[in-house]
Amino acid sequence: MPKYQATLLIELKEGILDPQGRAVEGVLKDLGHPVDSVRVGKVLEIVFPAETLLEAEEKARAMGRLLANPVMEVFTLEALKELP
Amino acid sequence: MKWAIIRFPGSNCDEDARFALEKAGLKAEYVWHTETSLKGFDGAFLPGGFSYGDYLRAGALAAKSPVMEEVRRFAHEGRPVIGVCNGFQVLTEAGILPGALLANLNLHFTCKEVGVRVERNDLPFTRLYQKRQVLRLPIAHAEGRYYADAETLARLEGEGLVVFRYAPLKGETDYNPNGSLHDIAGITNERGNVLGMMPHPERAVDEVLGGTDGLPLFLGLLEEVTG
């Protein structure tokens with residue numbers, strides 16, 4: 001069965017205070033970078049088998065729904081590719 | 001009444017929980033998270049710790065454990081379920097209690113005694129406290145900032161589901177240790193049989209440990225059976 005690699009991005013929902021992002025923002029400013037805001041998220045690269053690209057996308061989204069907490073997070077399927 | 005203390009890889013308050021339950025006269029046994037049955041138990045206690053090293057999110061991976069289906073069944077059947085600290089995080093991640101516990105506002109792992117006000121005493125967990133009594137309980141967490149959307153918060157407040165709130169011990173104004181919305185330290189479900197809280201009552205059951213304000217919580221569970 002072909003292998004696919006999905007890149008899932010999990011971020012805090014808009015409007016939820018992200019103290020980690022605030023801390024990074026503060027350091028960037030201290031180092032002379034004029035930034036407006038920083039948000040910290042997570043990237044998951046998942047390699048898994050699927051028959052077709054369509055099936056791979058369904059599986060990737062199902063895993064995203066499982067791994068992101070809808071109370072405070074949203075996930076995006078950033079990329080999906082078949083591995084050679 | 002026999003309690004199951006659920007052990008996840010990384011739980012570390014399991015023995016404290018057993019000490020507290022047994023001190024109150026309750027029976028307790030450890031149950032590994034891969035178990036699929038809680039047959040023979042009357043209550044489930046999810047202890048504190050760092051299940052799965054807090055990977056992904058605190059409590060997120062433990063919430064998918066096989067035993068959690070049984071904990072969910074207990075919750076639905078009205079049996080008592082208690083989650084303390086990481087156990088509370090597991091209960092919210094499993095969707096058994098609403099909301100989520102986010103990183104403390106100051107990003108510090110905070111380990112200290114705090115004031116915790118009892119908001120209702122009609123639950124088995126709180127029946128031996130006075131309403132609005134302020135307890136002295138230890139906290140020890142990095143992700144304890146209770147968060148829920150505005151609609152959920154309104155429902156929690158409207159239905160009186162907030163059981164414990166951070167409160168001043170000596171009139172201090174910075175009594176909220178983590179930035180929890182509405183100073184929420186512990187909540188229950190509609191039926192009142194599931195309790196999730198960040199402070200550690202099981203670490204406050206003996207004077208030698210610095211206080212006994214947590215003991216009535218466990219004694220109240222005993223009263224449910226005998227009284």
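Chain naming here is simple, since letters A, B, ... match the order of the sequence lines and numbering starts at 1 in each. All values reported here derive from a predicted model rather than from experimental measurement.
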Exercise for review: Heavy-atom distances under 4.5 Å only: say whether A:Leu67 touches chain B with side chain, backbone, both or neither.
Suggested key: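 Both backbone and side chain.
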
Point to revise | chain A contact via B:Ala60 - side chain, backbone, both or neither, heavy atoms under 4.5 Å | key: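 For B:Ala60, there is no contact with chain A at all, as no heavy atom is under 4.5 Å.
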
Review point. Contact part of B:Leu105 toward chain A, heavy-atom cut-off under 4.5 Å: side chain, backbone, both or neither?
Key: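 Its backbone and side chain both get close to chain A.
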
Point to revise | Between CD1 on residue A:Ile10 and CG on residue B:Leu56, distance to nearest 0.5 Å | key: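 Taking CD1 in A:Ile10 and CG in B:Leu56, the distance rounds to 5.5 Å.
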
Scan the chain A/chain B interface and emit each donor-acceptor pair under 3.5 angstrom with its distance.
residue, atom, partner, partner atom, Å
A:Leu17, O, B:Arg145, NH2, 3.2
A:Lys42, NZ, B:Leu56, O, 2.7
A:Leu66, O, B:Lys64, NZ, 3.2
A:Leu67, O, B:Arg57, NH1, 2.8
A:Leu67, O, B:Arg57, NH2, 3.1
A:Asn69, ND2, B:Glu93, OE1, 3.4
A:Asn69, ND2, B:Glu93, OE2, 3.1
A:Glu73, OE1, B:Arg57, NH1, 2.6

Review point. Of the non-hydrogen atoms in B:Ala103 and A:Pro19, which two are nearest, and what is the gap between them?
Key: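 In this case the closest contact between B:Ala103 and A:Pro19 is O-CG, 4.0 Å.
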
Compile the donor-acceptor pairs under 3.5 Å between side chains in residues 74-81 of chain A and protein atoms, sequence neighbours left out, one pair per line.
none

